[in-house]
Amino acid sequence: RASLPIFIPSTTTCVYYGRRRGVESVVSNGVVTSQHAEVKWTAFSEDGSRSAYACKVGEAWRVTCDGQLSAPYEDIERLTFSGGRHLFFLGKREGIWYVRVGERDCGGWSIIKDVACSADAANYAVVVVSGGKDALVVNGRVGVIADTIASVAMSNDGKRIAYSAR
């Protein structure tokens, strides 16, 4: 299994990950930079100065960002850099999903359908399932509740939110 090669923005560096002999390697410009049991979700800052990926360390998933390992999670999804600089992802612990914004875990929900974050990672919005309905949660506070909320978007400054609901 191998990922599609990615050119890091604003650079000539090409990165991918692939499996060989039971080990997954992160490869940058043809050189193996790290090896893990499993790798997924690579992300790069817009200027190419920061990189992150999710990797399996023992039984836990962790994010490696700029060479530093995060706390352990059962699963990790939606790894990205908000505004090109701030690390942002979903991490699952003990069956509960959290929004990881910078260095903090926010919220705690069984099901997250969609998520958005401001460019400075100071604000976030998440669509969760609660009590058989969808709820739009902004910075930890429940706002709109509807039968279905399909998606959410947030302006770069975090002051405006758009969502699709019925």
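Index from 1, following the sequence.
Scanning both residues, T148 and K113, for their nearest heavy atoms gives CG2-NZ, 4.2 Å. Of all heavy-atom pairs spanning F81 and S45, the tightest one is CD1-N, 3.5 Å. Contact between G158 and N123 at its shortest, heavy atoms only, is CA-ND2, 3.9 Å. A pairwise comparison of heavy atoms in L136 and V152 identifies CD1-CG2, 3.7 Å as the closest pair. Of all the heavy atoms in C106 and R104, the pair that sits closest is SG-NE, 3.5 Å. Heavy-atom minimum distance, E38 versus R19: CG-NH2, 4.2 Å.
The hydrophobic clustering, which links ILVMFWY residues whose side-chain heavy atoms are closer than 4.5 Å, places W41 and V99 apart. Under a hydrophobic clustering in which Ile, Leu, Val, Met, Phe, Trp and Tyr are joined whenever their side-chain heavy atoms come within less than 4.5 Å, directly or via other members, I112 and V101 fall into the same cluster.
Considering only heavy atoms from C-beta on, D147 comes within 4.5 Å of K133 through its side chain. Residues Q68 and V63 have side chains not in contact (no heavy-atom distance under 4.5 Å, counting atoms from C-beta outward). For the pair V129/W109, no side-chain contact is recorded, criterion being any heavy-atom separation below 4.5 Å from C-beta on. Taking the side chain as every heavy atom from C-beta outward, S25 and T33 never approach each other to under 4.5 Å. With contacts defined as side-chain heavy-atom distances shorter than 4.5 Å, the pair V127/Y163 does not qualify. Side-chain contact check for I111 versus V128: every heavy-atom pair is 4.5 Å or farther apart. Contact check for E59 versus E74: no side-chain heavy atoms found under the 4.5 Å cut-off. Contact annotation: the side chain of V15 never approaches that of N29 to less than 4.5 Å [non-hydrogen atoms, C-beta and beyond].
A ring pair (Phe, Tyr, Trp, His ring centres under 6.0 Å) with Y73 is found for exactly one of W61, F89, W97, namely F89.
Interatomic distance, S34 OG to E24 CD, rounded to the nearest 0.5 Å: 10.5 Å. Atom OG in S164 sits 9.0 Å away from atom CD1 in I149 (nearest 0.5 Å). We find the SG-CE distance between C117 and M154 to be 7.0 Å, quoted to the nearest 0.5 Å. From Y98, atom OH reaches atom CD1 of I76 across 14.0 Å, with rounding to the nearest 0.5 Å. Distance check: D66 CG to L87 CG gives 8.5 Å after rounding to the nearest 0.5 Å. Here the OG1 atom belonging to T42 is positioned 4.5 Å from the CZ atom belonging to F44, to the nearest 0.5 angstrom.
Every side chain to side chain donor-acceptor pair (under 3.5 Å) that S155 has, sequence neighbours left out, goes to D157. With sequence neighbours left out, the salt bridge (Lys or Arg N to Asp or Glu O under 4.0 Å) criterion links R20 to no other residue.
Salt bridge present: R100 and E103 bring a charged side-chain N and a carboxylate O closer than 4.0 Å. Under a 4.0 Å N-O distance rule, the pair E77/K40 qualifies as a salt bridge. The residues R166 and D134 are annotated as not salt-bridged, no charged nitrogen and carboxylate oxygen being separated by less than 4.0 angstrom.
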- Are R78 and D114 close enough, and set up right, to give a salt bridge (charged side-chain N to carboxylate O under 4.0 Å, His left out), and what steps lead you there? CA-CA 10 Å; R78 306 278 298 265; D114 198 18; 3.3 Å; yes
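Here H36 and Y17 keep their ring centres 6.0 angstrom or further from each other.
Using modelled atom types, one finds no donor on one side chain facing an acceptor on the other under 3.5 Å when comparing S82 with Y124. Checking S49 against R85 by side-chain atom types alone, a donor-acceptor pair falls below 3.5 Å.
Other members of the cluster containing V23 do not exist, because no ILVMFWY side chain is joined to it at under 4.5 Å.
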